[in-house]
Amino acid sequence: MGNPKGSTAKRYTADEVAQAIRKAGGFLTLAAQNLGCSRVTVWRYCRDFATCKEAQDDARERTKDLAEGNLLQLIRAGANGLSYVARNV
């Protein structure tokens, strides 16, 4: 595996980092904890490898969709205070 942009030697493959990002729901800090490296390392993989950036973008989108769906269910169920927020946004 080559090192794009002259970066230092990689400890993980881009596929390993992409999988960790997906498993962490797009959260780089959690992905880094699961890999045993720093958040900056994972961020650099996202900068340097399209597969990692795509995994981050896809996982974040899925996480947002899930959160929005759960919030909508709570609003429809009349959860305390949420219907007020929904009407006034």
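Computed over heavy atoms, backbone and side chain alike; hydrogens, waters and symmetry mates excluded. All residue numbers refer to positions in the sequence shown, counting from 1.
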Next on the checklist: Let me confirm one number: the CZ-SG distance from Arg44 to Cys52, rounded to the nearest 0.5 Å.
Outcome noted: 14.0 Å
Next on the checklist: Are Phe27 and Val42 connected into the same hydrophobic cluster when the rule is that any two of I, L, V, M, F, W, Y join if their side-chain heavy atoms are below 4.5 Å apart?
Outcome noted: no
Checklist entry - Are Lys53 and Asp57 ion-paired here, with the side-chain N under 4.0 Å from a carboxylate O? => result yes
Next on the checklist: Do Ile21 and Cys46 have side chains that approach each other closer than 4.5 Å (heavy atoms only, starting at C-beta)?
Outcome noted: yes
Checklist entry - Do the side chain of Arg62 and the main chain of Asp58 share a donor and acceptor less than 3.5 angstrom apart? => result yes
Checklist entry - Quick one: are Gln56 and Leu28 in side-chain contact, heavy atoms under 4.5 Å? => result yes
Checklist entry - Does Tyr45 use its side chain to pair, donor to acceptor, with the backbone of Tyr12 at less than 3.5 Å? => result yes
Next on the checklist: Any heavy-atom pair between the side chains of Leu66 and Asn70 that's under 4.5 Å?
Outcome noted: yes
Review item, side-chain donor-acceptor pairs of residues 32-40, under 3.5 Å, at least two apart:
| unit_1 | atom_1 | unit_2 | atom_2 | d |
| --- | --- | --- | --- | --- |
| Asn34 | ND2 | Leu30 | O | 3.4 |
| Ser38 | OG | Val40 | N | 3.4 |
| Ser38 | OG | Thr41 | N | 3.1 |
| Ser38 | OG | Thr41 | OG1 | 3.0 |

Checklist entry - Any donor and acceptor pair, going by atom type alone, linking the side chain of Glu54 with main-chain N or O of Thr51 inside 3.5 Å? => result no
Item to check | Considering all heavy atoms, the nearest Ala59-Gly26 contact | outcome: CB-N, 3.3 Å
Item to check | Minimum side-chain heavy-atom gap Glu68-Asp65 below 4.5 Å | outcome: yes
